[in-house]
Amino acid sequence: MSEAVLSVRDLVTSFPIGDRRVPVVDAVSLAVAPREVLALVGESGCGKSVTAHSILRLVPRPGRIDAGSIRLAGRDVLALPVKEMREVRGRVAAMIFQEPMTSLNPVQTVGDQVVEAIRLHERLSRRAARARAAELFESVRIPDPHERIDAFPHQLSGGLKQRVMIAMALALRPQLLIADEPTTALDVTIQAQILELLRELQREFATAILLITHDLGIVNELADRIFVMYAGKIVEEGGREDVLARPRHPYTQGLLRSIPSLARRDEPLAEIPGVVPPPAAWPAGCRFSTRCPRVIERCHGEMPEMTSLSERQRARCWVVADEVGR
Amino acid sequence: MQNVVVVALLLGAFLTFRMARRNDLWRGAGRELRRRRPLALAVVLVFVVLALLDSISWIGGGSAEDEGNALARHKPRSVIDRLFPADFRERSYSAPLADVEFYGGAPLLHPRSHLLGTDILGRDVLHLTLKGARIALLIGGFTSLIVIPLALLLGISAGYYGGRIDDAVFFLISVLASIPSLLLLIALIMALGRGPVQVCIAMGVTSWVGFCRVVRGESFKLRELDYVQAARALGVSEPRIVWRHVLPNLMHLVVITFVLLFSGLVLSEAILAWLGIGIDGSWGQMIDQARDELSRDPIIWWNLAAASVALFGLILAVNFVGDAVRDVLDPRTLREDR
């Protein structure tokens with residue numbers, strides 16, 4: 001594997017709760033290789049979006065990156081001056097957001113917004129940038145790109161808006177595309193189209209994708225590797241096959257069981273009891289210990305380490321560690 | 001000096017117009033505006049033209065020398081002034097198109113030519129009313145020009161950047177909001193003087209708070225919006241985000257505020273005039289002077305009516321146009337077939 005496009009090491013991002021700072025992202029490490037699609041999966045509030053925002057240093061105040069290192073294409077993101085950081089955003093790594101309805105400026109035509117994105121980083125005439133925008137619209141399969149380029153966001157459907165967002169993100173051929181729940185706000189049929197598009201573009205543009213999602217269906221479509229996050233910690237990581245077919249961490253197993261399936265439609269849907277505890281109430285030891293069906297004494301006192309299960313797969317669980325050790 | 005201002009204004013209007021013609025959105029908006037509110041637009045334009053005509057003035061020329069009126073010869077007179085004879089005055093009241101004075105029945109100097117009669121000092125009411133347009137537009141326009149940029153600057157810096165700046169701006173707002181604005185206004189006019197520009201500044205200082213609060217709240221909201229976040233993720237710098245994404249999304253507020261402010265200011269000048277600290281020659285002052293005459297018998301109504309109708313007409317037209325402008329400029333209400 002060549003050098004990673006993105007490598008995050010022991011990232012800690014905290015938010016103030018009451019009078020102390022709580023690490024919402026707690027010592028997360030991950031690396032994305034060129035052209036790889038890495039999925040970061042977890043329930044709402046597990047810290048996956050904060051991780052994504054940390055990578056571009058866009059953590060909303062009063063959040064703060066406290067420790068760790070982030071390297072994007074060889075550059076130390078946390079040490080970059082603001083001006084260079086702006087260069088990195090968009091050019092090295094770009095982001096697509098969850099909500100295409102509100103991610104576009106309502107008073108500018110979509111074309112102008114794509115042109116702005118292009119001209120921000122490249123010295124191009126308005127005309128050339130517009131031609132480039134039209135090309136981009138074509139490559140994200142927007143029908144009638146030359147007409148749609150002059151449309152205002154409210155004149156486009158949600159799916160088309162998300163395509164515009166993708167076009168904008170890909171405008172400068174970034175090496176990494178961070179997709180934060182790219183299909184959550186869309187209809188199921190549109191979801192499938194956007195996923196298909198992302199897969200094709202990932203090949204065409206040879207870009208790596210960090211896919212943030214809570215939807216394991218999407219993960220199966222797109223991801224090469226899967227990282228499962230729970231309460232600020234990576235709890236399991238591995239290749240798509242490993243994690244989806246042979247999940248080892250009880251949390252991952254629970255997540256997979258709670259996907260509705262036609263084959264098991266007579267049985268009641270399995271669920272993980274309880275909800276993700278809020279960051280202020282995270283238990284000492286293993287953070288899943290309050291909901292885990294296989295919890296043992298040790299889980300309550302000590303945070304488990306990552307246990308290697310194979311060359312690619314690792315899980316953070318005492319039970320799994322015991323099984324492997326035996 | 002005044003003529004220079006007029007030329008600058010005309011030049012600015014011309015350049016704005018040319019820029020607007022190049023932009024699709026604005027050109028469409030202009031067409032739509034003419035379609036929706038032709039009458040109100042025409043009324044506003046008439047007032048603007050009157051004000052401009054009254055602003056261009058020079059000394060000498062015209063009928064002044066023929067009349068040998070020493071005062072008129074050394075005073076600059078505007079285009080509007082020159083539409084009337086230089087000594088177009090009577091000794092006191094006269095009714096519209098009358099032959100004789102209202103009291104006493106002495107023959108008039110200019111019989112049957114005072115279309116709207118004369119006031120207590122014998123001045124032609126039509127002439128005064130036309131001249132009032134300039135004062136009204138000055139009150140509304142110039143004060144808005146002070147208020148809106150000030151409120152935008154303070155409101156955006158407070159709402160968008162937050163922190164200490166926000167604290168400071170909010171403190172200022174709270175302090176200003178807790179002083180009765182009429183008292184502050186009177187105090188400022190006492191301190192600054194009673195010239196038109198001074199009164200405008202005083203009114204500006206007391207009326208930016210409301211809009212500033214709105215801008216602050218709106219920028220606060222816009223800062224967190226997805227498209228601002230998305231712009232940041234694309235590497236857009238903060239000043240540029242403010243310029244391209246925050247400010248344009250505040251423009252509809254600016255337009256609405258301008259209209260409300262304009263009418264509000266012109267009307268509140270009438271109240272100032274009633275308190276005796278208005279601007280000389282304003283419609284408010286005309287109304288104030290006409291106050292005593294309502295109790296006379298037979299009633300003297302023409303000067304009150306002329307000033308009120310002019311004031312009412314301008315404000316109504318401005319409100320209609322402003323409402324239409326807001327609809328037209330908001331791309332969300334534009335129709336698809338534009």
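Within a 6.0 Å sphere centred on OH of B:Y161, heavy atoms belonging to other residues, nucleotides or ligands number more than 12. At most 12 heavy atoms of other shown residues, nucleotides or ligands fall within 6.0 angstrom of atom CZ in A:R35.
Taking CZ of A:R89 as the start and OG of B:S237 as the end, the distance is 10.5 Å to the nearest 0.5 Å. Rounded to the nearest 0.5 Å, atoms CD (A:E99) and OH (B:Y227) are 13.5 Å apart. Atom-to-atom distance recorded for B:R240:CZ and A:R86:CZ is 10.5 Å, nearest 0.5 angstrom.
Between B:N249 and A:P106 the shortest heavy-atom distance is OD1-CG, 3.4 Å. Among all heavy-atom pairs drawn from B:A230 and A:S103, the shortest one is CB-O, 4.0 Å. Across all non-hydrogen atoms, the minimal contact from B:Y160 to A:R61 is O-NH2, 4.3 Å.
With a threshold of 4.5 angstrom between heavy atoms, A:L104 approaches chain B through N, CA, C or O but not through any side-chain atom. Looking at B:R244, both its backbone and its side chain come within 4.5 Å of chain A, counting heavy atoms on both sides. Looking at A:M165, the atoms closer than 4.5 Å to chain B (heavy atoms on both sides) all sit in the side chain, from C-beta outward. Contact annotation for B:V236: both backbone and side-chain heavy atoms come within less than 4.5 Å of a heavy atom of chain A.
Checked by atom type and distance alone, the side chain of A:H121 pairs as donor or acceptor with a backbone atom of B:L234 at under 3.5 Å.
Annotation: side chain of B:H245 is in contact with side chain of A:E116 (closest heavy-atom distance under 4.5 Å).
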